[in-house]
Amino acid sequence: MISLGNIRASSAPWLLIPAALYMSSYVGGDNFWGDHNYGPASGEFAAWGITVITPAVAGSAAWEAGRQKVLGGIRETSARNVVQQWLWAIRPVMALHLTLVAAAIALAKLTVGVWPAGAGLLAVAHLLVLPCGWMIIGWVVGLFCPRAVAAPAVAVGTWAWLAVPPSISSPSWRHLTGFETEGSTLTDTLDPLVYFIPWLVTAGFAGALLLMAGARRRPWLVAASAALVVGTLLGGRSLVADWGFSPLTKARLGHTVCIGREPAVCVPEEYETDAAKIRLQALPALKALGGSGVPFPMALRLASADLPAEPGTWPLYWSPDTSLEQLDIDLARSAVTGTAALHGVRDCRQPSIAATWALLKVGVNEKKVQESTTPQEWAQLLRIRELSAKQQAKWFTSTVQDQTHCVAGIT
């Protein structure tokens, strides 16, 4: 149990309120652009607190290390061994850490509407694991530098490592730090490597600093420490080199419920209560497309674009904030993908004249559609619309099968 004297003498109480207030500027409604009432999004939004929790924990650990160093010979007469002394000394920092994690989760719950769940639990684990690595780094720095210098230097350095890379042009660095500004969607979740790689990088830094601590007795450890840092950075960058600016994701599977028949509407289990409403809103547009000769879907499924569409199933593009007009627009896009799948073709899901034709059929404002097309494409559409309904349907089917609108390198 932590003694009151240990708490009073530590830096943790002085950091708690400022850190919590600063964290509320990160884990707040203005910064959230994900899906509400979605467990993975809640956990990942709480993980934004990593930019505050980690510097606070690292700085506090550096201060506590300096405080223990001042004790000098008193520690040598203690009945506790070195490990027990360290665990006792670091307890206020651990208490600060856990309190700030709880605050981040509570703030995320207030914003998103639900507690972290599913893939969001790994994001919560990220809040627990990553700061521990920096806690060790802060402690070692605090042992070798005056605490008045070590604590702010470690805190600022940690914050810079986490917060600066997302703003620079090189995409690789941002994936090594552990602070990701992009999260899971309803169809795709962050790959666990998004968290594991920063844990390994931080462990490499901590290991290098521990090696440096023994350099007074063994000077060759300086070279070993430098080699470990370089190897950690190069190895980490090689693992994330092909990610681009966005973190690695994987298709979300096994969390879907389906409501209704012809078409059935399949959505993530978190939004089961919205499925019937989506189906009713989609029916007018689907009937309009069916009346124009487009094959009627057996199901509308909200699923990852990485998964091929099954014949008879159209992709559903939807989120809790989707308006009725946007749903009609997205159903026009779905018609292209679904019709292509019906003929054994995987649609590239890029803008096409076939999708523009479908927009007009579902009743999207003609002026808006014209403004979104080139004069040449609009003139072609006008000629197509002069054909009979049967000929237009035949043209639509042929166009989506050809996939001539696809441009390599664009998703």
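Starting from 1, each residue takes its place in the sequence as its number.
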Spacing of [atom1] belonging to [X] relative to [atom2] belonging to [Y], to within rounding of 0.5 Å:
| X | Y | atom1 | atom2 | answer |
| --- | --- | --- | --- | --- |
| Ser246 | Glu182 | OG | CD | 3.5 Å |
| Glu269 | His255 | CD | NE2 | 6.0 Å |
| Leu100 | Leu96 | CG | CG | 4.5 Å |
| Ile278 | Ile259 | CD1 | CD1 | 10.0 Å |

Any idea how Trp161 and Trp134 line up, ring-wise: parallel (<30°), tilted (30 to 60°), or perpendicular (>60°)?
tilted

In Leu289, Val294, Asp328, the residue satisfying side chain to side chain contact (heavy atoms under 4.5 Å, CB included) with Lys361 is Leu289

Which of Val140, Leu228, Val229 passes side chain to side chain contact (heavy atoms under 4.5 Å, CB included) with Leu209? It is Val140

Contact list for residues 278-337, test ring pair (Phe, Tyr, Trp, His ring centres under 6.0 Å), sequence neighbours left out:
Tyr271-Trp318

According to ring pair (Phe, Tyr, Trp, His ring centres under 6.0 Å), does anything in residues 360-379 pair up with another residue at least two apart or in another chain? List the pairs.
none

Output every pair passing disulfide bond (SG atoms under 2.5 Å apart) with a member in [range], not counting sequence neighbours, ordered by first then second residue.
| range | answer |
| --- | --- |
| residues 152-208 | none |
| residues 234-270 | Cys258-Cys266 |
| residues 110-142 | none |
| residues 286-334 | none |

Could you list all the side chain to side chain donor-acceptor pair (under 3.5 Å) pairs where at least one residue sits in residues 98-109, not counting sequence neighbours?
none

Partners meeting salt bridge (Lys or Arg N to Asp or Glu O under 4.0 Å) with [X] (sequence neighbours left out):
| X | result |
| --- | --- |
| Lys250 | none |
| Arg385 | Glu366 |
| Glu325 | Lys368 |
| Asp330 | Arg333 |

For Gln281, enumerate each residue passing the side-chain hydrogen bond (donor to acceptor under 3.5 Å, both in side chains) test, keeping only those at least two apart in sequence or located in another chain.
none

Please examine the side chains of Val93 and His97, heavy atoms only from C-beta on, and report whether any two atoms are closer than 4.5 Å.
no

Side-chain contact test, heavy atoms from C-beta onward, threshold under 4.5 Å: evaluate it for Leu127 versus Ile53 and give yes or no.
yes

Can you check whether Phe32 and Trp48 have ring centres sitting under 6.0 Å from each other?
no

Electrostatic pair Arg252-Glu270, nearest N-O below 4.0 angstrom
yes

Got a donor-acceptor contact below 3.5 angstrom from the Ser225 side chain to the Ala208 backbone?
yes

